[in-house]
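Here is the structure we will look at.
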Amino acid sequence: MQTIDFKRQRFSTLVDEAKKYDTAPMLSKIRICVPLAVGQQAYDFDIKDAKGHKTNRALKDNDMFVPYAMSLGYMVEDDALPGHAPTFPYPVQVTAALTAIGLKGLVANGHGYLLYQGTTSIRTNQTVNVQELPNSLFLHVPKAENAGVTGSNIEESAYILPERFDFSGKRDHKIRTEFPAIPTTTIAGEAGSKAYLVLEMYGWTIQSGATL
């Protein structure tokens, strides 16, 4: 996913910056889940949404988060087991093998791959940080799909952010994913489940380091 040197260089810079807040950068991540809907073309991720899905890990108002990589994937959650589903970097469709190990999958219509024909944008206040990041960068399909499916990890598909972004809890941030859906596009979980689009960002948090 990334080299040790790359992470060390960014971390070393943050250590010096964090000293003025009398703290140190802590390895952390932001995770936001949004439910998928039939025919929807655009999805917004509010990285300060602590009241959304129970697995959300949001940015606090007084903190600063500096990411080094991000992922985009799917989670299909059993209605009876909220918070228990894994997240995958490709559209895992329902199969007998998946059912046998107690997991849910997407309905088998192939629409899930449409996500990877789209783009993701990132904006801070009125500044556009990223205009069109291809979603194909986040796709990672194992050599044998559904073989050892529980071993698939969304971090395997993480895209390293070459530019540095500082996500301050005091600023307005908008992350949007768009893809060419039509009214009949269906990316949904099998019966008894709900499908989500999941954004994860990996980096460091500086507590009380938020700036305007």
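Heavy atoms only: backbone and side chains are in, while hydrogens, waters and symmetry mates are out.
Looking at heavy atoms from C-beta onward, Lys194 lies in side-chain contact with Asp79 at the 4.5 angstrom threshold. Between Tyr116 and Pro91 there is a side-chain heavy-atom pair separated by less than 4.5 Å. When side chains are defined from C-beta on, Asn56 does not count as touching Lys54, because their heavy atoms never get closer than 4.5 Å. Looking at heavy atoms from C-beta onward, Val66 lies out of side-chain contact with Phe165 at the 4.5 angstrom threshold. Side-chain contact between Ile122 and Arg176: absent, with no pair of heavy atoms (C-beta onward) separated by less than 4.5 Å. Side chains of Phe45 and Val34 form a contact here, defined as non-hydrogen atoms less than 4.5 Å apart. Ile187 has its side chain within reach of Leu106: a pair of non-hydrogen atoms, C-beta onward, lies under 4.5 Å apart. Residues Pro86 and Met75 form no side-chain contact, since every pair of their non-hydrogen atoms from C-beta on lies 4.5 Å or further apart.
Without hydrogens or angle criteria, Asp63 side chain to Gly169 main chain gives no donor-acceptor distance under 3.5 Å. The backbone N or O of Ile32 sits nowhere less than 3.5 Å from a side-chain atom of Asp49 that would complete a donor-acceptor pair. In this structure a side-chain-to-backbone donor-acceptor pair under 3.5 Å is present from Ser71 to Ile154. Using a distance-only test at 3.5 Å, with no hydrogens or angles considered, no donor-acceptor pair links the side chain of Tyr90 to the main chain of Tyr74. Side-chain atoms of His140 never come within 3.5 Å of backbone atoms of Pro89 as a donor-acceptor pair (strictly under, hydrogens ignored). Judged purely by atom type and a 3.5 angstrom limit, Arg123 uses its side chain to pair as donor or acceptor with the backbone of Asn125. Between the side chain of Glu77 and the backbone N or O of Gly83, at least one donor-acceptor pair lies under 3.5 Å.
Note that the OG1 atom of Thr23 and the CE atom of Met64 stand 12.5 Å from one another [nearest 0.5 Å]. To the nearest 0.5 Å, the span separating NZ on Lys104 from CG on Leu81 amounts to 9.0 Å. Atoms CG and CH2, on Leu14 and Trp204 in that order, are 6.5 Å from each other to the nearest 0.5 Å. Going from atom OG1 of Thr120 over to atom CG of Leu72 covers 5.0 Å, rounded to the nearest 0.5 Å. Note that the NE2 atom of His173 and the CG atom of Asn129 stand 8.5 Å from one another [nearest 0.5 Å]. One distance of note links CZ of Arg57 with OG1 of Thr205; it measures 9.0 Å at 0.5 Å rounding.
Taking the charged nitrogens against the carboxylate oxygens, Lys170 and Asp61 have no contact shorter than 4.0 Å, which rules out a salt bridge. Taking a cutoff of 4.0 Å between a charged side-chain nitrogen and a carboxylate oxygen, Arg31 and Glu200 qualify as a salt bridge.
Arg171 and Thr211 form a side-chain donor-acceptor contact under 3.5 Å, judged by distance and modelled atom types alone. Ser208 and Asn62 share no side-chain donor-acceptor pair at under 3.5 Å. No donor-acceptor contact under 3.5 angstrom links the side chains of Asp172 and Thr124, judged on distance only.
Minimum heavy-atom separation, Pro162 to Ile160: CD-O, 3.0 Å. Heavy-atom minimum distance, Ala181 versus Leu114: CA-CD2, 3.7 Å. Across every non-hydrogen atom of Glu178 and Asn135, the tightest pair is O-ND2, 4.0 Å. For the pair Ile30 and Phe65, the tightest heavy-atom approach, listed with the atom from each and the gap, is CD1-CD2, 3.5 Å. Across all non-hydrogen atoms, the minimal contact from Ala50 to Ala58 is N-CB, 3.7 Å. Nearest heavy atoms, Gln93 versus Leu98: O-CD2, 3.8 Å.
By the 30° and 60° cut-offs, the orientation of the rings of Tyr43 relative to Phe179 is parallel. Using a 30° and 60° split on the angle between ring planes, Tyr202 and Tyr68 fall in the tilted class, from 30° to 60°.
Between Tyr196 and His53, a ring centre-to-centre spacing shorter than 6.0 Å is recorded.
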Using side-chain contact (heavy atoms from CB on, under 4.5 Å), reason through Thr99 and Val94 one step at a time and then give a plain yes or no. CA-CA 7 Å; Thr99 302; Val94 58; 4.1 Å; yes
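Linking Ile, Leu, Val, Met, Phe, Trp and Tyr residues whenever their side-chain heavy atoms come within less than 4.5 Å leaves Leu36 and Ile182 in two separate clusters. Linking Ile, Leu, Val, Met, Phe, Trp and Tyr residues whenever their side-chain heavy atoms come within less than 4.5 Å leaves Leu139 and Val198 in two separate clusters. A continuous path of Ile, Leu, Val, Met, Phe, Trp and Tyr side chains, each step under 4.5 Å between heavy atoms, connects Tyr113 with Leu115, placing both in one hydrophobic cluster. Residues Ile175 and Leu161 are members of one and the same hydrophobic cluster, defined by side-chain heavy-atom contacts under 4.5 angstrom among Ile, Leu, Val, Met, Phe, Trp and Tyr. Two different hydrophobic clusters hold Val107 and Val92 under the rule that ILVMFWY side chains link at heavy-atom gaps under 4.5 Å.
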